[in-house]
**Student:** 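Please read through the structure below; I'll follow up with questions.
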Amino acid sequence: MRKRKFNKVINAIGKAEGISPKEIEKEIQIAINSGFDHPDAAVRAEWAKVPFHGERPTPQEVIEYLCNKMKKNQ
């Protein structure tokens, strides 16, 4: 997913929720961190399926992964 398309998605979510795109990304990252650190091994195993670069997945990497997964399940 290109950054431009990602920004379009984040902007749409922000508009629908009445908060800034920056706040949307921040909240998504908090959710990612929470899932990544979850004590349940099954939850961590699901997060391990998300391809990412760096220490943790970014919101863009997670959204791209989920979009691709949804396309495969159609």
Side-chain angles (χ1 to χ4, degrees):
M1 172 180 285
R2 293 199 183 330
K3 184 69 173 173
R4 186 174 179 185
K5 197 171 192 179
F6 171 75
N7 287 337
K8 187 175 180 180
V9 170
I10 293 298
N11 287 334
I13 295 169
K15 187 175 182 180
E17 296 297 321
I19 57 178
S20 74
K22 200 71 147 170
E23 187 66 22
I24 294 292
E25 283 191 72
K26 179 182 171 190
E27 292 297 323
I28 293 172
Q29 191 64 56
I30 288 169
I32 291 167
N33 293 342
S34 177
F36 220 71
D37 294 333
H38 200 281
D40 186 333
V43 173
R44 289 193 315 272
E46 287 301 312
W47 279 102
K49 294 176 184 177
V50 179
F52 64 94
H53 298 76
E55 189 176 316
R56 300 279 170 108
T58 65
Q60 184 172 349
E61 290 168 326
V62 171
I63 290 174
E64 182 174 347
Y65 168 76
L66 293 172
C67 287
N68 288 334
K69 189 172 180 176
M70 287 172 34
K71 284 179 186 176
K72 289 178 185 176
N73 291 334
Q74 288 183 343

**Student:** Restricting to side chain to side chain contact (heavy atoms under 4.5 Å, CB included), what partner residues turn up for N73, sequence neighbours left out?
**Tutor:** K69
**Student:** Taking only residues two or more places apart in sequence or in another chain, which ones pass side chain to side chain donor-acceptor pair (under 3.5 Å) with E46?
**Tutor:** K49
**Student:** For the residue pair V62 and T58, establish whether any side-chain heavy-atom pair is separated by less than 4.5 Å.
**Tutor:** no
**Student:** Got a sec, which residues hit side chain to side chain contact (heavy atoms under 4.5 Å, CB included) with N33, two or more places apart in sequence or on another chain?
**Tutor:** Q29, R56
**Student:** Among residues two or more places apart or on two chains, list those pairs meeting ring pair (Phe, Tyr, Trp, His ring centres under 6.0 Å) that have a residue in residues 8-34.
**Tutor:** none
**Student:** Hey, can you pull the donor-acceptor pairs under 3.5 Å for the side chains in residues 9-26, sequence neighbours left out?
**Tutor:**
residue	atom	partner	partner atom	Å
N11	ND2	N7	O	3.1
S20	OG	E23	N	3.0

**Student:** How far apart are the closest heavy atoms of Q60 and R2, and which atoms are they?
**Tutor:** NE2-C, 3.8 Å
**Student:** Can you confirm whether P57 sits close enough to Y65 that some side-chain heavy atom of one is under 4.5 Å from a side-chain heavy atom of the other?
**Tutor:** no
**Student:** Drop me the distance from K3's NZ to K8's NZ, to the nearest 0.5 angstrom.
**Tutor:** 15.5 Å
**Student:** In terms of hydrophobic clusters joined by side-chain contacts under 4.5 Å, are I30 and F6 together?
**Tutor:** no
**Student:** Roughly how far, to the nearest 0.5 Å, is the CH2 atom of W47 from the CG atom of D37?
**Tutor:** 10.5 Å
**Student:** Mind checking ring-ring contact (aromatic ring centres under 6.0 Å, His included) for F36 and listing every partner two or more places apart, or none if nothing turns up?
**Tutor:** F52
**Student:** Could you state the interatomic distance from CD1 (I63) to CD1 (I32), rounded to the nearest 0.5 Å?
**Tutor:** 7.5 Å
**Student:** Is a side-chain N or O of R44 found less than 3.5 angstrom from the main chain of P39, in a donor-acceptor match?
**Tutor:** yes
